[in-house]
S.K.: 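Please read through the structure below; I'll follow up with questions.
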Amino acid sequence: VRGVLIDTDDRDGDAPLQFLFNGLVTVGQAAVPVNMLILGSNLSDLPDLKALSLSTAISTTLARMVITPAIALVCCYLALPATEAGPSRQSTMAVAMV
């Protein structure tokens with residue numbers, strides 16, 4: 001599959017579906033700016049914060065800052081091959097978490 005999307009021989013971009021891969025790369029590079037635009041749009045019209053109870057705010061913060069990263073860490077740990085050990089596994093885990 002890799003040889004169909006990416007020209008691995010001489011890297012001159014003549015793989016049969018290279019155009020599809022190039023389009024996916026462009027979409028991937030646009031992901032962070034688009035997310036920043038969406039975040040700015042959501043922050044521009046903040047709701048009334050007095051309507052938010054303290055328990056709701058604490059549970060939402062806990063879920064986003066502790067529980068979700070813990071689930072992602074477990075998923076990355078289970079997705080990586082167990083035979084790989086040492087610094088390369090640790091660096092792969094760090095990249096997968098980002």
Side-chain angles (χ1 to χ4, degrees):
V1 173
R2 182 177 178 189
V4 175
L5 292 173
I6 304 168
D7 183 19
T8 57
D9 295 331
D10 52 4
R11 300 194 187 268
D12 62 353
D14 61 352
L17 296 177
Q18 183 80 33
F19 70 94
L20 181 64
F21 180 75
N22 292 341
L24 291 173
V25 168
T26 303
V27 169
Q29 290 174 342
V32 172
V34 168
N35 282 331
M36 295 304 287
L37 287 172
I38 292 171
L39 176 64
S41 172
N42 288 338
L43 290 176
S44 67
D45 54 351
L46 286 175
D48 182 21
L49 295 179
K50 293 178 183 174
L52 185 66
S53 69
L54 183 62
S55 63
T56 303
I58 290 173
S59 61
T60 301
T61 303
L62 184 68
R64 288 187 178 224
M65 301 297 285
V66 177
I67 297 171
T68 303
I71 292 171
L73 183 65
V74 168
C75 289
C76 289
Y77 181 78
L78 295 176
L80 291 176
T83 57
E84 185 180 325
S88 64
R89 180 178 172 86
Q90 293 171 351
S91 61
T92 306
M93 284 279 289
V95 169
M97 284 299 295
V98 171

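For the numbers below, each heavy atom of this structure counts, side chains included, while hydrogens, waters and symmetry mates do not.
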S.K.: Between Ser59 (side chain) and Ser55 (backbone), is there a donor-acceptor pair under 3.5 Å?
M.R.: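 Indeed, once roles are kept as given, a pair shorter than 3.5 Å links the two residues.
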
S.K.: Scan the side chains in residues 21-31 for donor-acceptor partners under 3.5 Å anywhere in the protein, sequence neighbours excluded, and list what turns up.
M.R.:
unit_1, atom_1, unit_2, atom_2, d
Asn22, OD1, Gln18, NE2, 3.3
Asn22, ND2, Gln18, O, 3.4
Thr26, OG1, Asn22, O, 3.0

S.K.: What are the two closest non-hydrogen atoms of Thr60 and Thr56, and how far apart are they?
M.R.: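 Distance-wise, the nearest heavy atoms are OG1-O, 2.8 Å.
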
S.K.: Of all heavy-atom pairs between Pro16 and Gly3, which one has the smallest distance, and what is that distance?
M.R.: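 Minimum heavy-atom separation between Pro16 and Gly3: CD-O, 4.1 Å.
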
S.K.: When you compare the side chains of Ser41 and Ser44, does any donor N or O come within less than 3.5 Å of an acceptor on the partner?
M.R.: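 Distance-only check fails for Ser41 and Ser44.
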
S.K.: Donor-acceptor check, side chain of Asp7 to backbone of Ala15, threshold 3.5 angstrom: yes or no?
M.R.: no

S.K.: To the nearest 0.5 Å, how far apart are CG in Leu20 and CD1 in Ile6?
M.R.: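 It is 10.5 Å, given to the nearest 0.5 Å.
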
S.K.: Using distance only, find each side-chain donor-acceptor pair of residues 61-79 under 3.5 Å and give its atom names and separation, not counting sequence neighbours.
M.R.:
unit_1, atom_1, unit_2, atom_2, d
Thr61, OG1, Ala57, O, 2.8
Thr68, OG1, Ala63, O, 2.9

S.K.: What residues join Leu54 in its hydrophobic cluster, counting side-chain heavy atom gaps under 4.5 Å, either direct or through other members?
M.R.: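 Noted: Leu54 shares its cluster with Ile58.
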
